[in-house]
Every structure is written in C-alpha cells, then in structure tokens.
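Everything on this sheet refers to the single structure shown next.
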Amino acid sequence: MSLRIGMVGGSVGGLFAAVLLARQGHRVTVMERARHGLARRGAGLVVQEPVTRILRQVGLPRLAEKGVWAAERIMLDAHGAVTSREASPQMQMSWDLLYDGFRKLLPEHLYLTGATVGEAVPSPDGVQVVLEDGRAFGFDLLIGADGQGSMVRGLVAGNGAEERIRPDYVGYAAWRGLVPEAAMPPDAAGELFGRMAFHNGRGMHALGYLIPGAEGETAVGERRYNWVWYRPLSPEALQDLLAHAGRAGALSLGPGELPADIRASLQADARAQLPPQFAAAVAAQAQPFVQPIYEYETPRMVRQRIALLGDAAFIARPHTAMGVAKAAGDAMALAAALDGRPVDEALAAYERARLPQGRAMVDYGRRLGRSLSMSP
Ligand SMILES: Cc1cc2nc3c(=O)[nH]c(=O)nc-3n(C[C@H](O)[C@H](O)[C@H](O)COP(=O)(O)OP(=O)(O)OC[C@H]3O[C@@H](n4cnc5c(N)ncnc54)[C@H](O)[C@@H]3O)c2cc1C
C-alpha cells in the first residue's frame, strides 16, 4: 500500500527516511524550513556502522570513504606537552557530502524548502498539516524529523506535556570553531594536524581534529580545523549570553552571532587555560559559535499516525558522536517496519525497536559527560 507520508525536517534524518520510503513506493513530501536547503552548513562526523549500512542500502558506499583521517590520538597538558599518544586511526566524513548525496537521490519536487510546519492536526487515520505560509497537506503518516527543538514532539507526547517536550540543558556548552586549514598558525598546525588532540582540565574538556572543507574537500590545504571547548555555563549565564547576542529563547548561537566582547574574553580565557596549540586555534577563529549541550528522551516515539525520528526523539550529548548514526538507524528501522505491514502495526514495531536504542544512547552520553568531569 502506497502511503502519503509527510516528513517534517529535511536534514539528514528526514532525508534518510524520505529516500528509503520513496524507494518503497510511498508518496513522500519533505518539508524543510530552511529557505535554501542546508548545503554547506555542516562540519564532520565519525562514520559509524549504521551510516555505512544506509549508504550501502541506497547505493552510495563510496561516500563513506571520502573523509579526513587522523592517525593517532594525543593528550596535551596545559603547557602543550604531549602526555600520551595512541595509534587509533579514525576518519571524519563531511556532513555536507552526506546531505548532498541523499538530497540528490530524492526528486527535487518532493523536497520543499522554506516550508515551516506551523500546525499539524492528527486524526486516527491521518494528519492535516498547515505550513506557516498557508499551504495545507493531508498525509496518512507524519514523521517528525525536526531536530532538537521539534514541534512534532508535542503531538506525540500529547496535551499538557509541555514540560516533557523541552530538551534539558545539562549545564555546560561547547564553544566551537572551524578554522580554514591555511589560517592555522604553522606551529599549532604542525602539532595538531593528522591527529585527534585532547585536553582535560578542571571541569573542562577540549578537543580538535581536521575535517573536510566546506565543499567536502579532503586535499591538504583545503580542509578545516574543528576545535571544541566544553566549559561549564550556568543556565542563568546561558540565558544572559543568548540575550546579549540578541537571540533570547534560541537554543544555540551560530557563526557570526557571538558578540565581539564575548569573543575577546573567549580568546583571553583560551590563552590562560588551554594548551597553546588550542589557544592558537581559538584565536584563529573569526566566528566562533556556541552549542549548549542538551539532552532529551521522548517517553514514546509514536502516537496515532505520527512518529518521531532522530534528534526529535532523543538528544544525546555530542561526546557519543552518534547523532547521525542514530538517525540512520531510526530511518532504516522505520522503513523496514513499514515494508508490507499495516501502518499501525508497523509503527508499534518501529517504537519497540528504537525506544531502547535511543534511551541507551542518551544514557551513554551522560556517562561520557561524567567521565570527562563535566556536569552531573
Ligand atoms: C545544518 C546542520 C548541520 C549539521 N552538521 C552536523 C555535523 O557536521 N556533524 C554532526 O555530527 N551533526 C551535524 N548536525 C546535526 C545532525 O544532523 C543531527 O544531530 C542528527 O543527525 C539528527 O538529525 P535530524 O535530522 O534528526 O535533526 P537535525 O539535523 O537537527 O535537523 C532537523 C531539521 O528540521 C528542520 N525543522 C525544524 N523545525 C521545523 C519545522 N517546524 N518545519 C520544517 N522544518 C523544520 C530544521 O531546519 C532542520 O533542518 C547538523 C544539523 C544541521 C541542521
């Protein structure tokens, strides 16, 4: 039976599911609020087994081989000396290549951009959706792949569940940067490139590694250095920061949104607290951004004809490096469940398969946060 399926969110989670479901003969419509799609907005990701598997399923196995390798992991002390070294090859793939690869597999007219879902009204056998620009659609099944600030969550959690749909801020934030390879000071580049570097300080954790360029480039000279500095930030200080940046109520601050005075104090703190190689990377970053760390566990993934997928369902701390892999696992499980089964039975099977996985991943992220002496 060919279903009319609405996908809220056209990032990688929504695209994974849309491509698999369209190939099964379902009539899929992806509704993505970003006006021009999401091209060239990502960074790097560690290729986990579910990503390799979904790439194989859709006939793009070579994409997982396009990345930047780090040969070893090193630990730096506050003075920049290497205190441990471990051969542990790991590749960072380009998020943009993954997005572009899947986007090309979906006929253009099935992916609507500038399409913000404003309202969705469920009934026992379908969902009526109204976009903010007034366009309306009827679907047999609606999938919420709308990420960490998901609006579809509210429909799955049910009435009066507001407090259960907001992600929990865990009390620390990742200050981040993506420095063009050529802009890195040579001394720091010499020690940091080609390896994953880490530093553990009192209540803080920093790391850095090379990732592909903005167009997926992997050639020397065209890559980017990705640094991440986890530091405690109280909920009140986070609210003050967002307000100071003119982004009160937002979940994070993107490149270009950090006020100049905060960038200056970030650089001063980096000079005082980080190994000099990392401080140099922070100083080389024209537009640092801030990713407060959130967690979310949905109590259920399905209600009537609505299902959640990816970050809309579960947000684990980024130390797990499994966000994309989890979205791929959800998409494959949903497509497998819907292949030939009645819808309600399929959705129940999907939830049974993926609820425990999502909970386990959130728990794993929490344990990793504790092991890095970050917040509780
Ligand atoms: C631009 C971008 C770049 C990213 N880069 C990386 C990266 O480099 N490495 C990495 O590991 N992870 C990255 N992520 C996060 C990663 O995609 C997720 O952690 C994970 O893969 C789960 O994906 P998702 O599709 O569930 O959620 P997300 O990737 O968060 O996508 C949710 C999508 O839903 C859309 N949306 C939200 N609300 C609505 C609405 N009401 N109507 C219509 N659309 C809506 C958003 O615009 C967004 O595109 C990125 C996410 C985005 C959006």
Side-chain angles (χ1 to χ4, degrees), residues 6-19 29-48 50-51 54 67-68 92-100 102-103 111-120 129-133 135 137 142-155 165 167 174 176-178 209 211-214 216 224 226 228 250-252 254-255 289 291 293-296 298 301 307-331 334 354 358 361-362 365:
M7 190 73 61
V8 188
S11 175
V12 290
L15 275 174
F16 289 154
V19 167
T29 305
V30 177
M31 294 159 285
E32 167 53 50
R33 76 177 162 198
R35 216 153 260 298
H36 305 289
L38 303 169
R40 280 169 294 288
R41 292 192 27 201
L45 61 110
V46 179
V47 180
Q48 314 266 13
V51 176
I54 201 166
V68 176
Q92 288 286 330
M93 180 193 177
S94 157
W95 186 93
D96 294 285
L97 279 187
L98 190 63
Y99 171 80
D100 286 345
F102 274 82
R103 178 92 195 255
Y111 190 101
L112 311 180
T113 51
T116 304
V117 173
E119 201 190 342
V129 167
V130 184
L131 303 186
E132 281 185 355
D133 62 13
R135 280 177 287 173
F137 301 89
L142 188 72
I143 300 171
D146 50 346
Q148 61 176 11
S150 169
M151 60 84 68
V152 181
R153 244 179 230 157
L155 300 167
I165 63 174
R176 304 187 51 180
L178 285 174
Y209 44 84
I211 64 164
R224 293 173 292 173
N226 179 53
V228 185
L251 289 174
S252 59
F289 45 105
Q291 179 189 354
I293 308 304
Y294 298 97
E295 282 179 345
Y296 181 73
T298 186
M301 293 178 82
L308 297 176
L309 179 151
D311 283 5
F314 292 94
I315 307 171
R317 301 187 195 193
H319 321 299
T320 60
M322 285 173 74
V324 174
K326 221 271 292 169
D330 287 352
L334 183 62
R354 297 306 293 174
M361 197 179 86
V362 175

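Computed over heavy atoms, backbone and side chain alike; hydrogens, waters and symmetry mates excluded. Each ligand, and each atom within it, is numbered from 1 in the order the structure gives.
- In this structure, Asp100 and Ala39 approach most closely via the heavy-atom pair OD1-CB, 4.1 Å.
- Nearest non-hydrogen protein atom to atom 25 (O) of ligand 1 is Gly13 N, 2.9 Å.
- Between Val12 and Trp95 the shortest side-chain heavy-atom distance falls below 4.5 Å.
- Below 4.0 Å from some heavy atom of Gly310 lie the following atoms of ligand 1, by number and element: 26 (O).
- Atom 42 (N) of ligand 1 has as its closest protein heavy atom Val117 N, 2.9 Å.
- No side-chain heavy atom of Leu309 sits less than 4.5 Å from a side-chain heavy atom of Phe16.
- Contact annotation for Leu38 and ligand 1: only side-chain heavy atoms (C-beta onward) come within less than 4.0 Å of the ligand.
- Summary of contacts: the protein heavy atom closest to atom 30 (O) of ligand 1 is Gly147 CA, 3.6 Å.
- In this structure, Val68 and Ile211 approach most closely via the heavy-atom pair CG2-C, 3.7 Å.
- For Ala145, every heavy-atom contact with ligand 1 shorter than 4.0 Å involves the backbone, none the side chain.
- Nearest protein heavy-atom contact of atom 29 (O) of ligand 1 is Ser11 OG, 2.6 Å.
- For the pair Asp311 and ligand 1, the shortest N or O to N or O distance falls below 3.5 Å.
- Counting the atoms of ligand 1 from 1 in the order shown, those under 4.0 Å from a heavy atom of Val12 are 17 (O), 21 (O), 25 (O).
- Below 4.0 Å from some heavy atom of Met151 lie the following atoms of ligand 1, by number and element: 41 (N).
- Considering CG of Leu334 and CD1 of Ile143, their distance stands at 4.5 Å, rounded to 0.5 Å.
- A 4.5 Å side-chain heavy-atom check between Lys326 and Arg354 finds at least one atom pair inside the cut-off.
- When hydrogens are left out, the protein atom nearest atom 47 (O) of ligand 1 is Glu32 OE2, 2.7 Å; that is the closest non-hydrogen contact.
- On a distance-only criterion, Thr116 and ligand 1 share no N/O pair closer than 3.5 Å.
- The shortest distance between side-chain heavy atoms of Leu142 and Val129 falls below 4.5 Å.
- Residue-to-ligand polar distances keep Arg41 apart from ligand 1: every N/O pair is separated by 3.5 Å or more.
- Of the residues listed (Arg103, Glu32, Met7), the one engaging Leu15 in a side-chain contact (heavy atoms from CB on, under 4.5 Å) is Arg103, and it is the only one.
- Considering both main-chain and side-chain atoms, Ala34 never comes within under 3.5 Å of ligand 1 through any nitrogen or oxygen pair.
- With rounding to the nearest 0.5 Å, the separation of OH in Tyr294 from OG in Ser252 is 7.0 Å.
- Protein heavy atom closest to atom 44 (N) of ligand 1, with residue, atom name and distance, is Arg33 N, 3.2 Å.
- Of the protein's non-hydrogen atoms, Trp95 NE1, 4.3 Å is the one closest to atom 15 (C) of ligand 1.
- To the nearest 0.5 Å, atom CZ of residue Arg35 and atom OG1 of residue Thr116 are 7.5 Å apart.
- For ligand 1, the polar-atom distance check finds no N/O of Ala312 at less than 3.5 Å from any of the ligand's N/O atoms.
- Geometrically, Arg41 does not engage Tyr99 in a cation-pi contact, judged by NZ or CZ lying under 6.0 Å from the ring centre and within 45° of the ring axis.
- Looking at Leu45 next to ligand 1, no N or O pair under 3.5 Å apart turns up.
- At a 4.0 Å heavy-atom cut-off, ligand 1 touches Ala115 through the backbone alone.
- Listed by number with element, the atoms of ligand 1 under 4.0 angstrom from any heavy atom of Met31 are 43 (C), 44 (N).
- Interatomic distance, Thr298 OG1 to Ile165 CD1, rounded to the nearest 0.5 Å: 10.0 Å.
- Met301 is listed as a side-chain neighbour of Asp330, based on a closest heavy-atom distance under 4.5 Å.
- Scanning the protein heavy atoms around atom 9 (N) of ligand 1, the nearest turns out to be Gly44 O, 3.0 Å.
- Residues Phe137 and Leu112 have side chains in contact (heavy-atom distance under 4.5 Å, counting atoms from C-beta outward).
- Atom 8 (O) of ligand 1 has its nearest heavy-atom neighbour, among Ala43, Gly323, Gly149, Ala313, in Ala43.
- Within ligand 1, the atoms closer than 4.0 Å to a non-hydrogen atom of Gly42 are 3 (C), 5 (N), 8 (O), numbered from 1 in the order shown.
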